[in-house]
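Shown next, in structure tokens, is the structure this report addresses.
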Protein chains: 2
Amino acid sequence: MSEGVEWALHSCVNLAWSGPDRAVSAARLAAWHDLPAAYLNKQLQALARAGILTSSPGPRGGFRLARPLASISLMDVVAAVEGPEEAFRCTEIRRRGPGAGDPAAEGADAADCAVAHAMTRAELAWRRALAAQNLDEIRQQAEQQAPEAAGRLRAWLAAQ
Amino acid sequence: MSEGVEWALHSCVNLAWSGPDRAVSAARLAAWHDLPAAYLNKQLQALARAGILTSSPGPRGGFRLARPLASISLMDVVAAVEGPEEAFRCTEIRRRGPGAGDPAAEGADAADCAVAHAMTRAELAWRRALAAQNLDEIRQQAEQQAPEAAGRLRAWLAAQ
DNA sequence: TGATTCTGGATATTTAGTATCCAGATTATG
DNA sequence: CATAATCTGGATACTAAATATCCAGAATCA
Ligand code: SF4
Ligand code: SF4
């Protein structure tokens, strides 16, 4: 899993803390946690394409949340950053070498394979678990541990 | 997920098909599906270290199953090949840049983070799903689709 | 007009995965 | 005992993916 997921999750919570009325530029979001600005910008673009953030150019532009944190699941963010590919990619080794049977007689493909089935099932379980938690729950827990974080962020943004 | 997982799963089933009494060399297992022999050998070594296979050097040596297929889960194989690392690695970005709070006041680490919790829970669901299926079930389904596969492998091995 | 910022493509750098090679140890066979 | 087969594990090379930077263009605001 790429570390852009972690950046994206924190950025969404930071956007919620920054208030609903202000857009925050990628540069400031990156500076807040000392991340590479241009690269974080790419992740934020992916979130915007996925409908999680909205973006606006120009001065006073930047990114803001497209919908409430409570309606954004961890799965939404992971899917936006990581793309739609499954972790297990079948390379059809069954079809290669002396072990490959008569291709005409074997109609079997990955869809009929118990390995592929099991891997897909496992990945679905993973996705379900991620979809079951939303970013507002994350925010609440973060505020419990660091109640001053939101205020500190707002003060720092105001000083920029 | 590395493709060594797919190789390892097929190799285990192939070892079961080859019969309990014969060891099969990495070279032959690789040739059967046209895989790079030296690299497959490394995956088989990992399976041996994990106690899934046993290995023996010398002529008539090679690899064989250390225990019945029914007692080897997909999770066992994945863990042996992929190693113990979790897919989500927290890089503690919370602690860097202006956003880092007073380090003394914050005892919070990854163990207290809702994100890390949720990611770990999701990964556990994935592991459970993999652990719920064993290689004997895979073998049965494979035999249903290609009943002649086992016989073909044994004949080819005898001719080598 | 000029400064700010997103967009998206091109490119470079770094890291992880894939693959090969070799020297050494072990074992079966004759 | 000598030889060939095979695993072991480290070193190395190659390739693909992730990470990071850069730039030209478009949009927006003051
Ligand atoms: S049998 Fe299953 S795991 Fe093996 S190559 Fe086919 S789809 Fe992939
Ligand atoms: S708050 Fe959670 S996700 Fe963020 S850096 Fe800390 S452990 Fe990682």
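To find a chain, count down the sequence lines: A is the first, B the second, and so on, and within it residues start at 1. Side chains are part of it too, since the values below use all heavy atoms of this structure and drop only hydrogens, waters and symmetry mates. Because the structure is predicted, anything quoted here is derived from the model rather than measured.
- In this structure, Asn41(A) places its CG atom 17 Å from P of dA10(C), rounding to the nearest Å.
- Note on Gln45(A): every side-chain N or O is 4.0 Å or more away from OP1 and OP2 of dC6(C).
- Residue Ala27(B) is classed as having no contact, given no heavy-atom separation below 4.0 Å to the nucleic acid.
- Comparing Arg89(B) and Ala37(B) by the nucleotide of DNA chain C whose heavy atom lies nearest to each, the residue mapping closer to the 5' end is Arg89(B).
- Using a 4.0 Å heavy-atom distance criterion, Ala48(B) is classed as making no nucleic acid contact.
- Of the candidates dC6(C), dA28(C), dA20(D), the closest approach to any side-chain atom of Pro59(B) belongs to dA28(C).
- Leu40(A) places its CG atom 18 Å from the P atom of dA18(D), with the value rounded to the nearest Å.
- Among the nucleotides dT5(C), dT8(D), dT4(C), the one closest to any side-chain atom of Ser25(A) is dT5(C).
- Side-chain N/O atoms of Ser55(B) include one lying less than 4.0 angstrom from OP1 or OP2 on dT8(D).
- Looking at Asn14(B) and Ser11(B), their side chains never bring a donor and an acceptor atom within 3.5 Å of each other.
- Ring geometry for Trp156(B) versus Trp32(B): interplanar angle of 30 to 60°, hence tilted.
- Applying the 3.5 Å distance criterion, the base of dG9(C) shares a donor-acceptor pair with the side chain of Lys42(A).
- Across dT8(D), dT19(D), dA19(C), the shortest atom-to-atom separation from the side chain of Phe63(B) is found for dT8(D).
- The nearest whole Å value for the distance from the CD atom in Glu3(A) to the C1' atom in dA20(D) is 11 Å.
- Atom CD in Gln160(A) sits roughly 10 Å away from atom P in dT5(C) (whole-Å rounding).
- Ion pair Glu92(A)/Arg96(A) not flagged as a salt bridge, since none of the NZ, NE, NH1 or NH2 atoms sits closer than 4.0 Å to an Asp/Glu carboxylate oxygen.
- In this structure, CG of Leu53(A) is placed 15 Å from C1' of dT5(C), rounded to the nearest angstrom.
- Ion pairing of Glu85(A) with Arg89(A) is absent here, as no side-chain N (NZ or NE/NH1/NH2) approaches a carboxylate O to less than 4.0 Å.
- When distances are taken from the side chain of Tyr39(B) to each of dT18(C), dT7(C), dT8(D), the shortest belongs to dT18(C).
- DNA chain D is contacted by both Gly61(B) and Pro57(A); Gly61(B) maps to the nucleotide lying nearer its 5′ end (nearest heavy atom per residue).
- Looking at Gln45(A) and Ser55(A), their side chains never bring a donor and an acceptor atom within 3.5 Å of each other.
- Look at Arg49(A) and you won't find any side-chain N or O under 4.0 angstrom from OP1 or OP2 of dT7(C).
- When the side-chain nitrogen and oxygen atoms of Ser56(A) are compared with OP1 and OP2 of dT5(C), none of them lie within a distance under 4.0 Å.
- Rounded to a whole Å, the CD atom of Gln43(B) is 9 Å from the C1' atom of dT18(C).
- Rounded to an integer number of Å, the gap from CG of Leu47(B) to P of dT8(D) is 11 Å.
- Atom C1' of nucleotide dC6(C) and atom CZ of Arg28(A) are separated by 14 Å, given to the nearest angstrom.
- Cys12(B) pairs in a side-chain contact (heavy atoms from CB on, under 4.5 Å) with only one of the listed residues (Ile52(B), Leu44(B), Ile138(B), Leu29(B)), which is Ile52(B).
- Of the residues near DNA chain D, Arg60(A) and Ala26(B), the one whose nearest nucleotide (by heavy atom distance) lies more toward the 5' end is Ala26(B).
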